[in-house]
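Everything below concerns the one structure shown next.
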Amino acid sequence: GAGVSQTPSNKVTEKGKYVELRCDPISGHTALYWYRQSLGQGPEFLIYFQGTGAADDSGLPNDRFFAVRPEGSVSTLKIQRTERGDSAVYLCASSYTSGTVNTGELFFGEGSRLTVL
Amino acid sequence: SQKIEQNSEALNIQEGKTATLTCNYTNYSPAYLQWYRQDPGRGPVFLLLIRENEKEKRKERLKVTFDTTLKQSLFHITASQPADSATYLCALDRGFNKFYFGSGTKLNVKP
């Protein structure tokens with residue numbers, strides 16, 4: 001596709017359940033980011049991938065959150081034992097890097113809205 | 001840690017006027033700063049990037065300034081239109097390809 005694709009667009013789950021959110025970045029973009037956005041707030045950094053590896057996961061709030069990108073393209077954000085406080089929009093973004101240079105522009109998907117009841 | 005401040009109050013202006021939005025930051029100065037537009041229920045969309053050695057950047061009706069002494073960026077929309085109504089986010093490069101966002105300012109352009 002032409003843009004960053006995220007699925008599902010909406011997910012309602014019960015407290016304590018496991019959820020997976022998927023991100024399909026723009027083809028050729030080696031950098032992939034996950035952000036979380038609560039109502040009235042800006043996107044909050046969670047994790048950044050360069051290729052297959054997590055270059056920086058310092059934004060993950062706790063060990064219930066985990067993300068993978070096994071083939072350097074599609075990424076999955078996994079949340080275990082969901083809590084009501086996890087309710088937010090989870091945004092994925094990708095960007096192009098050449099060596100260590102990042103062009104800077106992030107291309108965002110439309111987000112996955114997670115509601116934990 | 002780096003703190004990014006954008007006016008949380010909505011900015012209401014009349015169509016045709018210039019809208020000016022502010023982004024202030026504390027601590028270190030980023031190598032570059034970006035502005036994004038976000039519409040309700042949508043992901044942010046990139047608008048402009050300005051580097052630390054650039055004072056000003058323009059793109060059509062948009063202008064961004066970057067003052068590393070004041071630790072401030074200003075974002076201007078000239079000849080504003082109702083279609084410009086949205087939330088505008090600034091984002092700072094945190095080094096190592098990480099970007100941190102402000103909470104955004106909502107702009108309302110009234111016809």
Side-chain angles (χ1 to χ4, degrees), chain A residues 2-7 9-10 21 23-26 29-51 53-60 88-113, chain B residues 1-11 21-25 30-54 57 59 62 64 66 73 75 86-107:
Chain A
V4 177
S5 176
Q6 291 189 247
T7 55
S9 55
N10 275 288
L21 307 175
C23 172
D24 198 343
I26 293 173
H29 280 190
T30 55
L32 185 145
Y33 301 79
W34 283 99
Y35 284 84
R36 177 169 71 174
Q37 188 172 28
S38 300
L39 193 64
Q41 300 297 314
E44 173 194 4
F45 172 82
L46 295 178
I47 186 169
Y48 155 58
F49 287 90
Q50 183 62 251
D56 190 326
D57 64 358
S58 61
L60 295 177
V89 175
Y90 289 82
L91 293 165
C92 176
S94 68
S95 69
Y96 174 75
T97 58
S98 175
T100 57
V101 177
N102 186 313
T103 60
E105 178 178 353
L106 298 182
F107 294 82
F108 281 87
E110 301 290 37
S112 292
R113 179 176 297 279
Chain B
S1 61
Q2 183 71 290
K3 189 175 179 182
I4 305 166
E5 295 176 343
Q6 292 187 258
N7 196 337
S8 58
E9 288 185 17
L11 177 62
L21 305 175
T22 304
C23 177
N24 295 299
Y25 59 91
Y32 51 90
L33 186 151
Q34 306 172 53
W35 284 88
Y36 289 78
R37 169 184 173 141
Q38 187 172 28
D39 291 284
R42 310 296 297 272
V45 175
F46 173 82
L47 297 174
L48 280 169
L49 178 153
I50 187 165
R51 302 186 187 281
E52 62 180 336
N53 60 349
E54 298 174 319
K57 201 82 166 279
K59 179 182 176 183
L62 309 181
V64 173
F66 193 6
S73 175
F75 176 79
T87 295
Y88 291 86
L89 301 159
C90 71
L92 273 59
D93 149 63
R94 179 64 177 86
F96 307 104
N97 295 328
K98 277 169 58 172
F99 304 92
Y100 283 80
F101 285 79
S103 57
T105 298
K106 186 174 182 181
L107 173 66

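Residue numbers start from 1 in every chain, and the chains themselves are labelled A, B, ... in the order their sequence lines are given, proteins ahead of strands. Just so you know, these numbers use all the heavy atoms, side chains as well, and skip hydrogens, waters and symmetry mates.
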**Request:** With a 4.5 angstrom heavy-atom cut-off, could you sort out which part of A:Ser9 is near chain B: side chain, backbone, both or neither?
**Result:** neither
**Residue part contacting chain B, namely of A:Gln37, when any heavy atom lies under 4.5 Å** = side chain
Might you point out which heavy atoms bring [X] and [Y] nearest each other, and give the distance in Å?
X: B:Leu89; Y: A:Pro43; value: CD1-CD, 4.0 Å
X: B:Lys98; Y: A:Ser58; value: NZ-OG, 3.3 Å
X: A:Leu91; Y: B:Pro44; value: CD1-CD, 4.0 Å

**Prompt:** When rounded to the nearest 0.5 angstrom, what is the spacing between OG in A:Ser95 and CZ in B:Phe99?
**Reply:** 6.0 Å
**Message:** Taking side chain as everything from C-beta outward and backbone as N, CA, C, O, which of these in B:Gln38 sits under 4.5 Å from a heavy atom of chain A? Side chain, backbone, both or neither.
**Reply:** side chain
**Asked** Counting N and O atoms only, with roles assigned by atom type, does the side chain of B:Tyr36 sit under 3.5 Å from a partner on the main chain of A:Leu106, one being a donor and the other an acceptor?
**Response** yes
**Request:** Check whether any side-chain N or O of A:Gln41 sits under 3.5 Å from a backbone N or O of B:Ser103 as a donor-acceptor pair, and report yes or no.
**Result:** no
**Prompt:** What class does the angle between the rings of A:Phe45 and B:Tyr100 fall in, given that below 30° is parallel, 30 to 60° is tilted and above 60° is perpendicular?
**Reply:** tilted
